[in-house]
Amino acid sequence: IFKYLPMYGLVIAFKNFKFSDGILGSKWVGLEHFRNLLGNADFYKILRNTLLLNLYAIIFSFPAPIILAVLMNELRNERFKKTVQSILYMPHFLSWIILGGLIMNIFSPSTGIVNLIIKMLGGEPRYFMIDSVWWQVIFTASGIWQSAGWGTIIYLAAITGIDPELYEAAELDGAGRLKKMRYITLPCIKGTISIMLILRMGSVMDVGFEQIIALQNDAVLDVSDVISTYVYRVGLQGAQYSYTTAIGFFQSFISLILVVATNMLIKRVNDNEGGLW
């Protein structure tokens with residue numbers, strides 16, 4: 001209902017859609033909006049920003065829940081383990097508006113704790129949120145903070161399915177914790193990691209709208225303006241529905257190619273195992 005039926009609206013991308021005429025009555029323009037899209041210099045800037053922010057997320061955010069899950073699996077004190085899990089899960093349940101407000105306050109040039117520490121050490125305060133480089137660092141780090149704890153659930157579930165006899169045999173052979181992580185835990189959850197990577201590649205063309213809006217400001221638009229914010233600004237505020245539907249169509253098509261390609265690559269590397277299909 002909510003995924004497949006609305007796909008009928010994609011036909012808007014090939015029409016000059018007007019509310020008064022409706023979808024069926026609007027004029028057919030073929031690939032005109034796609035030609036305008038590919039000829040628009042602004043589109044290449046937002047495409048670059050979208051891909052770069054997602055590249056940082058794959059490099060830094062994707063491994064974070066895997067590392068956390070492996071480390072938490074090594075905790076022996078159950079009470080401490082549950083406390084750590086609860087603390088790590090908490091940011092997932094907070095709105096990005098709340099998290100964005102916290103981040104703005106933490107990095108405030110006048111009252112933020114980061115700049116207060118810099119002043120105490122004799123340095124000059126900086127407005128991190130209007131610096132293009134620092135904004136990308138904070139954006140990536142805040143994404144890890146918000147999602148890493150929740151992401152560990154899947155990997156912890158996969159780890160619990162590992163045969164305990166493997167660990168016992170490794171201990172008899174003199175393997176320490178690091179070797180058990182390397183040669184037992186990580187290889188045994190390789191299939192789960194592969195599937196999560198395929199699903200993650202499907203969202204490479206998409207950056208969370210709420211996180212961007214909560215942290216974005218005019219000073220860093222050159223690195224923070226992504227497809228989702230561009231569609232909101234041009235499509236909803238500028239009422240260019242057909243043009244932004246064409247952007248969405250292009251975005252979904254590239255995502256489909258990335259998912260299929262990643263699935264094929266993983267199956268080839270793993271001898272036709274570990275893919276989604």
Side-chain angles (χ1 to χ4, degrees), residues 2-61 96 100 129-140 142-143 199-262:
F2 297 107
K3 292 292 185 181
Y4 291 99
L5 292 183
M7 288 178 70
Y8 168 71
L10 288 174
V11 73
I12 294 174
F14 304 95
K15 293 192 170 193
N16 186 17
F17 176 72
K18 294 181 180 179
F19 272 115
S20 57
D21 298 330
I23 295 178
L24 293 177
S26 296
K27 181 182 177 182
W28 184 271
V29 295
L31 300 176
E32 179 182 334
H33 298 300
F34 292 93
R35 285 192 291 267
N36 293 338
L37 173 66
L38 297 176
N40 189 342
D42 287 339
F43 174 72
Y44 290 100
K45 184 184 75 172
I46 64 168
L47 179 61
R48 179 203 65 194
N49 294 341
T50 303
L51 292 175
L52 275 178
L53 291 177
N54 272 301
L55 178 63
Y56 300 149
I58 291 173
I59 294 173
F60 300 107
S61 299
W96 266 113
M129 299 306 292
I130 65 170
D131 184 289
S132 296
V133 175
W134 276 109
W135 187 92
Q136 294 177 81
V137 173
I138 293 169
F139 177 86
T140 305
S142 64
L199 296 175
R200 182 65 185 83
M201 291 301 294
S203 59
V204 161
M205 293 292 290
D206 184 31
V207 179
F209 178 77
E210 291 182 349
Q211 184 184 4
I212 287 284
I213 287 295
L215 300 178
Q216 191 182 66
N217 60 75
D218 291 340
V220 292
L221 277 179
D222 59 325
V223 296
S224 67
D225 197 16
V226 295
I227 290 177
S228 56
T229 55
Y230 184 75
V231 167
Y232 170 73
R233 187 174 66 254
V234 176
L236 295 180
Q237 295 183 330
Q240 297 185 42
Y241 302 111
S242 295
Y243 177 67
T244 48
T245 302
I247 295 176
F249 196 106
F250 173 82
Q251 186 179 6
S252 300
F253 182 70
I254 299 300
S255 297
L256 175 62
I257 293 174
L258 290 172
V259 167
V260 173
T262 306

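In this chain, residues are counted from 1 in sequence order.
When side chains are defined from C-beta on, S132 counts as touching D222, because their heavy atoms get closer than 4.5 Å. Side-chain contact between N16 and W28: absent, with no pair of heavy atoms (C-beta onward) separated by less than 4.5 Å. Counting heavy atoms from C-beta on, the side chains of I213 and T229 come closer than 4.5 Å. Residues L51 and V204 form a side-chain contact, since some pair of their non-hydrogen atoms from C-beta on lies under 4.5 Å apart. In this structure, the side chains of I23 and Y8 come closer than 4.5 Å at one or more pairs of heavy atoms. Contact of the H33 side chain with the T244 side chain is not registered, since no non-hydrogen atoms from C-beta on lie closer than 4.5 Å. Residues M129 and L215 have side chains in contact (heavy-atom distance under 4.5 Å, counting atoms from C-beta outward). With contacts defined as side-chain heavy-atom distances shorter than 4.5 Å, the pair I212/L53 qualifies.
Taking the six-membered ring for Trp, Y56 and F139 have ring centres at least 6.0 Å apart. Checked against the 6.0 Å centroid threshold, Y241 and F19 count as a close aromatic pair. Outside the 6.0 Å centre-distance limit, the rings of Y4 and F2 are not counted as a close aromatic pair.
Interatomic distance, I247 CD1 to L47 CG, rounded to the nearest 0.5 Å: 10.5 Å. Considering CZ of F43 and CD1 of I227, their distance stands at 5.5 Å, rounded to 0.5 Å. Between atom CG of residue D42 and atom CG of residue L37 there is a gap of 11.0 Å, rounded to the nearest 0.5 Å. Taking CG of L10 as the reference point, atom OG1 of T245 lies at 7.5 Å (rounded to 0.5 Å). Separating the OG atom in S224 from the CD atom in Q216 is a distance of 3.5 Å, to the nearest 0.5 Å. Here L199 contributes atom CG and M201 contributes atom CE; the two are 11.5 Å apart, rounded to the nearest 0.5 Å.
Across all non-hydrogen atoms, the minimal contact from F17 to S26 is CA-OG, 3.4 Å. For the pair R233 and D225, the tightest heavy-atom approach, listed with the atom from each and the gap, is NH2-OD2, 2.8 Å. A214 approaches G100 most closely through the heavy-atom pair CB-CA, 4.1 Å. Of all heavy-atom pairs between A219 and I130, the closest is CB-CB, 3.7 Å. Here the closest non-hydrogen pair linking V207 and S228 is O-OG, 3.2 Å.
One finds no salt bridge joining D21 and K15 here, because no Lys/Arg side-chain nitrogen approaches an Asp/Glu carboxylate oxygen to under 4.0 Å.
Around OH of Y232, the count of heavy atoms belonging to other residues, nucleotides or ligands within 6.0 Å does not exceed 12. Within 6.0 Å of the CZ atom in F253, the count of heavy atoms belonging to other residues, nucleotides or ligands does not exceed 12.
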Between M205 and N54, does a side chain to side chain contact (heavy atoms under 4.5 Å, CB included) hold up when you go through it step by step?
CA-CA 8 Å; M205 293 292 290; N54 272 301; over 6 Å; no
Pair V137-W134, side chain to side chain contact (heavy atoms under 4.5 Å, CB included): steps then yes or no
CA-CA 5 Å; V137 173; W134 276 109; 4.3 Å; yes
So F14 and F34, side chain to side chain contact (heavy atoms under 4.5 Å, CB included) or not? Walk me through it.
CA-CA 9 Å; F14 304 95; F34 292 93; 3.5 Å; yes
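Between the side chain of T50 and the main chain of D206, no donor-acceptor pair closer than 3.5 Å is present.
Residues N49 and Y230 have side chains that never bring a donor and an acceptor to within less than 3.5 angstrom of each other.
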